[in-house]
Amino acid sequence: TRARFEGAASDAELDDVTLIRGCADAATLGRVSFDPAFENALVRLVGADADGVLHKEALRDAVFVDGAKGDDAASGLTSDAAVKTLQRAVALAQNHGGVVYVAGEVSLAGKLDGRGVELRRYPAFRGHLLAVSRDAELANVTLDGSADWGIADARSLIYAKAGTLRLGEGVTLRNNDVTRQAAYPFHFGGAVYIGGGATVEMGAGALVEGCAALSGGGFACNGTLVM
């Protein structure tokens, strides 16, 4: 089955499409594949009762950040106009639903108070949301890996490469699945992968939940983990 969505969005284009009616189970859905040319990270096949439904995810009002391609002078309101830094993204998100989609790995240094913002994996992106190469601290922020969108080949939410990362009050790391990540060793550490030169300190007010990996659903540690 080939599906293609072109042109400006309309109500019909945003509606779900039933592809299989009355006989869809996990085995049937598993045999359905898309043409490699079909690339739409917001569209996936899901089971709904006995139907197979092409489900179109609706992005929430949000800001986009991309540490590789972003520009803090951009609007931040689409993946093609992403900002570059977390500080700019968090500031903009206060007026855009409190959600930031991470579309490319972002470097973290110094202290970031997320002010209650949720950093969520953009479904086209499978890399680490944050990379830490020097001392850093997080507070009052949620990192969400979008595993509920069927993503199981992602990398850890955070890659601590060097320095000390403190996970402080109000930090939640959740909903990330690296079990099908092909690149060794990044199928380890569902929430945080700690490299040999790094230390991670997890404070009493921080939480890890709903993360999965081949080993170390929360943390994979080649460095130092303090809890």
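- At least one donor-acceptor pair closer than 3.5 Å links the side chain of R126 to the backbone N or O of P123.
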Name every donor-acceptor pair, under 3.5 Å, that has one atom in a side chain of residues 89-100 and the other anywhere in the protein, sequence neighbours excluded.
unit_1	atom_1	unit_2	atom_2	d
Q94	NE2	V90	O	3.0
H96	ND1	D61	OD1	3.4

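- A distance-only check finds a donor-acceptor pair linking the side chain of H128 to the backbone of S156 [under 3.5 Å].
- With hydrogens and angles left out, the side-chain atoms of Y122 and D66 include no donor and acceptor closer than 3.5 Å.
- Shown here for P185 and Y193, the closest heavy-atom pair between the two residues is CG-OH, 3.2 Å.
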Check the pair M202 / V226 against side chain to side chain contact (heavy atoms under 4.5 Å, CB included), numbers first and verdict last.
CA-CA 6 Å; M202 184 173 177; V226 180; over 6 Å; no

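- Residues L130 and L225 share a hydrophobic cluster, clusters being chains of Ile/Leu/Val/Met/Phe/Trp/Tyr side chains in contact below 4.5 Å.
- Checked for salt-bridge contact, K84 and D72 miss the test: no charged N lies under 4.0 Å from a carboxylate O.
- Scanning both residues, F188 and V178, for their nearest heavy atoms gives N-CG2, 4.2 Å.
- When all heavy atoms of C211 and G217 are compared, the closest pair comes out as CB-O, 3.2 Å.
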Between L77 and F64, is the side chain to side chain contact (heavy atoms under 4.5 Å, CB included) condition met? List the steps.
CA-CA 6 Å; L77 299 183; F64 293 79; 5.8 Å; no

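- Linking Ile, Leu, Val, Met, Phe, Trp and Tyr whenever their side-chain heavy atoms come within less than 4.5 Å leaves I151 and F186 in two separate clusters.
- The heavy-atom pair separating A136 from A109 by the smallest distance is CB-CA, 4.0 Å.
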Check the pair V117 / L119 against side chain to side chain contact (heavy atoms under 4.5 Å, CB included), numbers first and verdict last.
CA-CA 6 Å; V117 160; L119 303 180; 4.1 Å; yes

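- Taken to the nearest 0.5 Å, the CZ atom of R120 stands 7.5 Å off from the CZ atom of R174.
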Can you list the steps and then say if T179 with D177 is a side-chain hydrogen bond (donor to acceptor under 3.5 Å, both in side chains)?
CA-CA 6 Å; T179 54; D177 190 341; 2.7 Å; yes

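- No side-chain donor-acceptor contact under 3.5 Å links Q181 to the backbone of H187.
- Taking OG of S133 as the reference point, atom CG of L165 lies at 11.0 Å (rounded to 0.5 Å).
- Side chains of D144 and T142: a donor-acceptor N/O pair is absent below 3.5 angstrom, by distance only.
- Contact annotation: the side chain of I194 approaches that of V192 to within less than 4.5 Å [non-hydrogen atoms, C-beta and beyond].
- A donor-acceptor pair under 3.5 Å is absent between the side-chain atoms of E105 and the main chain of L129, judged by distance alone.
- A donor-acceptor pair is defined here as one N or O able to donate and one able to accept, closer than 3.5 Å; no such pair exists between the side chain of D135 and the backbone of G163.
- Applying the side chain to side chain contact (heavy atoms under 4.5 Å, CB included) test between L167 and each of L143, I158, T172 identifies I158 as the sole match.
- Of the charged side-chain nitrogens involved, none lies within less than 4.0 Å of a carboxylate oxygen, so that R88 and D71 do not count as a salt-bridged pair.
- Closest approach of R155 to G127, counting heavy atoms only: CB-C, 3.9 Å.
- Interatomic distance, CZ of R166 versus OG1 of T199, reported as 13.0 Å (0.5 Å rounding).
- Under the 4.5 Å side-chain heavy-atom criterion for ILVMFWY residues, no single connected hydrophobic cluster contains both V141 and Y159.
- V65 and L157 fall within the same hydrophobic cluster, where Ile, Leu, Val, Met, Phe, Trp and Tyr residues are linked whenever their side-chain heavy atoms come under 4.5 Å apart, directly or through other members.
- Counted by atom type alone, R115 and N140 present zero donor-acceptor pairs between their side chains at under 3.5 Å.
- Checked by atom type and distance alone, the side chain of N176 pairs as donor or acceptor with a backbone atom of G190 at under 3.5 Å.
- Between A206 and G168 the shortest heavy-atom distance is CB-O, 3.7 Å.
- Each of L112, L207, L138 was compared with V171 under the side chain to side chain contact (heavy atoms under 4.5 Å, CB included) criterion, and only L138 meets it.
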